[in-house]
Amino acid sequence: MPGPATGAPPLSLNPEQRAAVHYLGGPLLVLAGAGSGKTRVITEKIAELLRSGHQAERIAAITFTNKAAREMRERVGKLISKDAAEKLLVCTFHALGLRFLSIEHAAAGLRRGFTVLDADDSFAILKDLSPKAQKNDYYDLMRQLVGRAKDEGLTPDEALAAARSPRELQAAELYQAYQKRLHTFNAVDFDDLIAIPDRLLRENEELRLRWRERLSYLLVDEYQDTNRTQYRLLKELVGPRGGFTAVGDDDQSIYAWRGANPENLNTLTVDFPNLKVIKLEQNYRCSGRILRCANAVIGNNPHLFEKRLWSAHGDGEPIRILNCRDDTHEAERIAAEIVFRRDQQKAPWSDFSILYRGNHQARALEQALRLARVPYHLSGGQAFFDRAEIRDVLAYLRLIANPDDDAAFLRAVQVPKREIGTITLEKLATLAGSKNLSMLKAAESVEVQKQLAARPGSQVAEFAQLFRHWREAGSRMGAGDLTALVLQESGYAQHLMAGLKDPEARARRDENLQELVRFLREADKGKDGLSTLTNQLALINFSDRDDPGNAVRLSTLHAAKGLEFRHVWLVGVEDGTLPHHGAIEEGRLDEERRLFYVGITRAKDTLTISTSLQKKRFGEMERLKPSRFLRELPEADVRQEGDDPEKEAEEKRERSLSHFARIADLLK
DNA sequence: ACGATTTTCAGCATC
DNA sequence: TGAAAATCGT
C-alpha cells in the first residue's frame, strides 16, 4: 500500500512563521496561504505576547465563528496554561461588540437588559415598517440598502442626506423608522453590535482612550472576511500604535456576497504605512499534484498580493475527473468508491469528504450513502434541535429579561396558541403605541385591558400575569430552572408534545427539552444575569456544536473552509453549478474560482472532481457541460475517468447516423 | 382561528 | 420537483 503523500507538520516553525510570531514592533499583516499553518501562528503568537509581558486579559483574538473561537481557546490552552487561556478575550467581532455595549450601554442610549435581535426578528421589523403589499424582491432590496448604509457607518440622518435616488431615499426613511423602533424595543441588531461601538469610539475621546488602554494587542483571523464596519472598529480599537496582527488570504475570500470586503487587505497598507507584510507560502497539507492544480486555477485570478504556494510533499496520485451520466449516477459511484477505499486503506470514515456548491446537491448523495450503509454527517444541517423550538423558548426568556422586547412578545404570545389572534394583537399594538408603552407593558395595564373586548382582554391579562410571575421567580433561580418552570407553566412543553403521536418521537423531543434546560443551567454558571445570557445565546448558532464523529463529511464549499481531509470528492463541477448561473451572468467568476480553489485545497492525499452530463433542475432534465474551470487544470496532473463526454457525444452521433442510414436503405 | 389549498420560488449563510 | 409561504374556506 502506498503511503500517504502528506506527513505530520514539523515541530518547529518555519522562518516566515517564526517571523510572524515574533514581530511585535507594529502592525502586521500575515498572508497565510491554504494549509500554511496560520492557526498555529496565531496560537504561538499569543504565547509569545504573554512571554513578552502582555497581560492575558488585554489580548483579544477575533475569529469569525463561535466554533473557531472555541477551537482557538482550546489550542491556546494546550500550549500555555488553561488559566491564562480563560482570561484571554477569544471571541467574534460581534461578541466583542456585545461586551463593549454591556459595559457602555449608557453612552449608547441603551438601558440595562437590552436585547440583541436576531436576523429573522430584524427582517420582520423591516417588513412591518415597509409599505404594504410589496413583492419579496422589494424587501430584499430594502434590507440590502439599509444594510449598506449601516456598513458605511451612516446614521439614518446621514443616509437621508446621502440618498441619491428615490430608492435610496425610501431605504433611508425605512432605516430611520427601523432604528427608532429598535430604540423603543431597547434592542440592537447584529450590525449595531459593531457599528455602535465604532461610532462611540470615534465620537467619545474618553471612551476611546480607555478602550485602547483596555486592549493592548489584537489578532484578527480570517481577515479577508471582515466588512467595512469591522475594519473601522478594528482601527479605532488599535489606534495609531497599531498593536495588531491580521491574518488572511485573499484567495480564500468567498464571502463578498454577504458583505465581506477583501479590499480591507489593501486598505491596511494605506492606513498603516509602517505595516509589515509576511507571506506564509509553504503548504503542509496537500500533495504536490493537488497543490499544482490549486496554483494553476488561482493563477487566473487577479491578485492584491502575489504569492506562490509550494510543498515539500511528493507528487501523490493524479487528480481524477469523473464523468458521470447524471447526479444519481455520480452519487452512486462516489458512494461505491468510498466504501472500496475505506476497506482497502483501513481508513476511518472521517478521512473522506464530499463537497458541493449548493445544499440541494446533498440529497442525491445522502440517498446513495444510505443505500451503501455509509455513515455520513451533514455539516450545517440542524442535527439536534429544531431551530424554531430554541427560538421560541429564547423569546420567553428574552421577554422576561427585557419587557420592552416586542419582537420576543410577538413570538411568545403566539406559541402555544392562546386565543390571541392578529386582530387582538393589532389593537394591542395600537393602544401600546398611543400610550408609548411596549406590548407587554400595555398588556399588563388594566386600562388597556378594559379597552379590549372581554374575552381577548382576559386572555391578554392572563398572559401578562404569567410574565410578572416569572420575572419574580427569575430573581430567585438560575436560567435553567426558570426555563423548566416556563416550559411547564406556559404550556409550551405540552404544546410541543401534542404535535407528536409516535412515542419514540415524543421521548426524543422530551430529551431535547431536558438537554436545553441542562445547557442553560451550565451556561448560566457565570450568573451575569438573564439578559447577558440571552444575548450571548442570540450570537451562537445551535447547530455549531455538532460533533461529526466517525462519518463521511458532506458539506458545502463555503462551510468547508478551514477543514481538511485525506480524500476529497468535489461534485457537480459543471458550468451553471460551479461557477453558478447567477455568477456567470453577472460576470463574477473570480469568487467562484476561489470557491473551487478552496475546495481543491481541502484535500491532503487524493482529489476527485466529478461532473454530470445532465441533471434535474426545477423538474426538467437539463443538459450540462463540464465546468470551464476544469480547463484550467494542468493536463499532466489529471486523469479522465468514466464516460468521456466528447466520446459519448460522438458515439451517439454515429448511432443515430447508422440508424438513419438503415432507414434510408429500407426506403430505397 | 385554524387547517386545506394554491402559489411562489429555487446560491452560499456568519453573527 | 418540492418546500415554504400566501391565500382560501369553513
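Computed from a predicted model, the values in this text were never measured in an experiment. Below, chain A is the first sequence line, B the second, and so on; all start at residue 1.
- Side-chain atoms of A:R588 and base atoms of B:dG11 include a donor and an acceptor less than 3.5 Å apart.
- Within 4.0 Å of A:N359, counting heavy atoms only, lie sugar-phosphate atoms of the nucleic acid but no base atom.
- Atom CZ in A:R617 sits roughly 11 Å away from atom P in B:dA10 (whole-Å rounding).
- Each of A:A538 and A:G358 was assigned the nucleotide of DNA chain B with the nearest heavy atom; the assignment lying further toward the 5' end belongs to A:G358.
- Within a 6.0 Å radius of CD in A:E622, more than 12 heavy atoms belonging to other residues, nucleotides or ligands are found.
- For B:dG11, its base sits under 3.5 Å from the side chain of A:E592 at one donor and acceptor pair at least.
- Taking the six-membered ring wherever Trp is involved, the centroid distance between the rings of A:W257 and A:H558 falls below 6.0 Å.
- In this structure, the aromatic ring of A:H360 is not positioned over the six-membered ring of the base of B:dA10 within 5.5 Å between centres and 30° between planes.
- Here A:F618 does not lie in a stacked arrangement on the base of C:dT1, lacking the combination of planes under 30° and ring centres under 5.5 Å apart.
- Annotation for A:Q451: atom CD counts as buried by contact number, over 12 foreign heavy atoms lying within 6.0 Å.
- Where A:R357 and A:L539 meet DNA chain B, the nucleotide closest to each residue was compared, and A:R357 sits on the side nearer the 5' end.
- Across all strands shown, A:F64 has heavy atoms under 4.0 Å from sugar-phosphate atoms exclusively, and none from any base.
- For B:dG11, the OP1/OP2 oxygens have no side-chain nitrogen or oxygen of A:T577 closer than 4.0 Å.
- When each of A:K625, A:R357, A:K615 is paired with A:E574, the side chain to side chain donor-acceptor pair (under 3.5 Å) condition holds for A:K615 and for no other.
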